[in-house]
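Here the structure is laid out as structure tokens; the discussion comes afterwards.
Atoms considered below: every heavy atom in the structure, side chains included; atoms not considered: hydrogens, waters and symmetry mates.
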Amino acid sequence: MDAKIDIAIIGECLIELSSNGTLADTSTLNKFFGGDTVTTAVAIARLGGNVTYLTKVGNDGFSEFILSSLQKENIDTSLIKSNDEQNGMYIVAKTVDTKELLYYKRKTAATKLSIEDISEDCIKRLKLVYSTGVVQSLSASSRELVRESFRIAKENDVLTAYDPNYTSCFMNSTDTKEYFEEIVDFTDIIFLSLKNDAQRLYEVESMDKVMKYFWDKGVKIVVVKSHIDNGYYTGYKGEISFTEFYNTQKAIDTTASGDVFNGGFLYALTHGYAPKDATKFASVVSGLQTQNYGAIQAIPYLNAVLENIQ
């Protein structure tokens, strides 16, 4: 791993097959790549951040495509290993009125992730480690990898950031709560969706209660995305600030906008921004991404973000 790397992201890169039409009617699927953590990694890289992606890829026909796609985005791939399992995949089909989403994630290459895939010396050289509940849900060994990586990072004054990213498609709320509880002592930053995470997982709705719940557990920075209030709440050192979503009237595709926001925030925080200013920066990154189609294709570069920050 390059000595200049600041951020390590633990995750799974999925193959995306997409269509602008229903699955029943379409005859062509377009190939791309995606996944919650890889979207965050691309956002950081396009802003100019130095990020490495830790995963495993399967030795099938898609492995070279995954590696070359990440490398084209200037993401370090030196920690990626291969095995004989298949790569995970999802199929998304959209029309003006409908969206179909199918996941194929059983016994994928990334389920073989383990603590042996990253060294303590590697973690010590970083500024930040990031992962999600989706990654923990892959397998017992991937769950251990996230826990131990966070523990080592915390013990060496390396920041840790986490998003439960709860999705009822392939996760259950009980397990997702357990995932966070086992790493809470090692977590500095948490990203939450008010609806999907705070309300469904922790049954807390008022912003004060959400912040207090996680502050009491030792999390330093709490960022809550609230579609009810059309913005982000940032809690840090006992204070809560609010930032509106950026230019929502121009939004045409909000797919993975939360993952893109996380990337913008982590880039800003590791480049000297205070937490509330990192939220303002990330809101522009995410807002610009929603103004075009494609979760990863639409992620903006730094120049575009700086031009739109007020």
Side-chain angles (χ1 to χ4, degrees), residues 1 7-20 23 26 28-46 51-94 99-118 129-146 149 163 165 167 169-171 175 179 255-256 258-260 262-263 294-299:
M1 187 182 78
I7 298 172
I9 292 183
I10 305 170
E12 178 178 30
C13 186
L14 302 171
I15 296 299
E16 175 190 293
L17 299 178
S18 62
S19 168
N20 291 321
L23 291 177
T26 191
T28 302
L29 293 170
N30 297 307
K31 180 183 69 175
F32 206 66
F33 66 102
D36 63 335
T37 51
V38 79
T39 302
T40 299
V42 172
I44 294 169
R46 288 195 182 179
V51 58
T52 190
Y53 193 69
L54 172 57
T55 192
K56 284 190 172 176
V57 298
N59 287 320
D60 57 22
F62 293 114
S63 59
E64 289 186 13
F65 169 71
I66 290 173
L67 290 173
S68 64
S69 296
L70 294 175
Q71 289 162 1
K72 287 175 183 176
E73 294 289 351
N74 293 316
I75 294 171
D76 177 79
T77 59
S78 62
L79 297 179
I80 297 178
K81 299 176 182 177
S82 62
N83 58 35
D84 291 330
E85 305 295 340
Q86 63 185 359
N87 288 298
M89 178 185 298
Y90 64 97
I91 300 174
V92 57
K94 289 188 239 181
K99 180 177 178 179
E100 299 171 272
L101 183 61
L102 303 174
Y103 283 97
Y104 298 89
K105 284 171 57 70
R106 287 192 176 185
K107 296 183 178 180
T108 62
T111 63
K112 302 297 185 181
L113 280 166
S114 74
I115 189 59
E116 297 176 359
D117 294 321
I118 191 168
V129 177
Y130 171 77
S131 195
T132 70
V134 175
V135 182
Q136 290 170 293
S137 74
L138 293 173
S139 64
S141 62
S142 66
R143 185 171 172 175
E144 181 188 27
L145 169 62
V146 174
S149 296
D163 189 332
N165 223 350
T167 169
C169 292
F170 46 84
M171 298 163 68
D175 287 346
Y179 299 154
T255 304
D259 301 318
V260 173
N262 293 357
I296 288 180
Q297 298 96 314
I299 296 173

If you measure from [atom1] on [X] to [atom2] on [Y], what distance do you get to the nearest 0.5 Å?
X: T77; Y: Y53; atom1: OG1; atom2: OH; answer: 12.5 Å
X: Q297; Y: S18; atom1: CD; atom2: OG; answer: 7.0 Å
X: E116; Y: S141; atom1: CD; atom2: OG; answer: 9.5 Å
X: L113; Y: Q136; atom1: CG; atom2: CD; answer: 12.0 Å
X: I66; Y: C13; atom1: CD1; atom2: SG; answer: 5.0 Å
X: K56; Y: T111; atom1: NZ; atom2: OG1; answer: 9.0 Å

Note, [X] side chain near [Y] side chain (heavy atom, < 4.5 Å):
X: D117; Y: L54; value: yes
X: V42; Y: V260; value: no
X: Y104; Y: L102; value: yes
X: V38; Y: T55; value: no
X: I9; Y: T52; value: no

Looking at [X] and [Y], would you say the former's side chain and the latter's main chain have a donor-acceptor pair under 3.5 Å?
X: S63; Y: D60; answer: yes
X: R46; Y: I299; answer: yes
X: E100; Y: L23; answer: yes

CA sep, side-chain torsions, deciding dist, call: T37, V135, side-chain contact (heavy atoms from CB on, under 4.5 Å): CA-CA 8 Å; T37 51; V135 182; 3.9 Å; yes
Side chains of [X] and [Y], donor plus acceptor under 3.5 Å:
X: T26; Y: S19; result: yes
X: T108; Y: E12; result: yes
X: N262; Y: Y130; result: yes

N87, D84, N83 screened by side chain to side chain donor-acceptor pair (under 3.5 Å) with N59, the one that passes: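 With N59 as partner, side chain to side chain donor-acceptor pair (under 3.5 Å) holds for just one option, D84.
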Considering the options T132, N165, T39, T40, which one meets the side chain to side chain donor-acceptor pair (under 3.5 Å) requirement together with D259?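 Option passing the side chain to side chain donor-acceptor pair (under 3.5 Å) with D259: N165.
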How about Q71: does its CD atom have over 12 heavy atoms from other parts shown lying under 6.0 Å from it?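 Yes - once you tally the heavy atoms of other residues, nucleotides and ligands closer than 6.0 Å, there are more than 12.
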In terms of heavy-atom contacts, does NZ of K107 have more than 12 from other residues, nucleotides or ligands at under 6.0 Å?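 Check fails, neighbour count at 12 or below.
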Of the non-hydrogen atoms in [X] and [Y], which two are nearest, and what is the gap between them?
X: G11; Y: A110; value: O-CB, 4.5 Å
X: A45; Y: I75; value: CB-CG1, 3.8 Å
X: V146; Y: S131; value: CG2-OG, 3.6 Å

Evaluation steps, side-chain contact (heavy atoms from CB on, under 4.5 Å), between S149 and I118: CA-CA 8 Å; S149 296; I118 191 168; 3.7 Å; yes
Run the side-chain contact (heavy atoms from CB on, under 4.5 Å) test on I15 and L17 for me, step by step, so that the C-alpha distance in whole Å, both residues' side-chain angles and the decisive distance to 0.1 Å come before the verdict. CA-CA 7 Å; I15 296 299; L17 299 178; 4.3 Å; yes
With ring-ring contact (aromatic ring centres under 6.0 Å, His included) as the rule and sequence neighbours excluded, what pairs involving residues 62-90 come up?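 Counting only pairs at least two positions apart or across chains, the ring-ring contact (aromatic ring centres under 6.0 Å, His included) contacts touching residues 62-90 are Y90-Y103.
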Is K31 paired with E16 through a side-chain N to carboxylate O contact shorter than 4.0 Å?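 So E16 does not pair with K31 through a salt bridge.
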Might you work through the side-chain contact (heavy atoms from CB on, under 4.5 Å) test for I7 and I44, ending with a clear yes or no? CA-CA 9 Å; I7 298 172; I44 294 169; 3.9 Å; yes
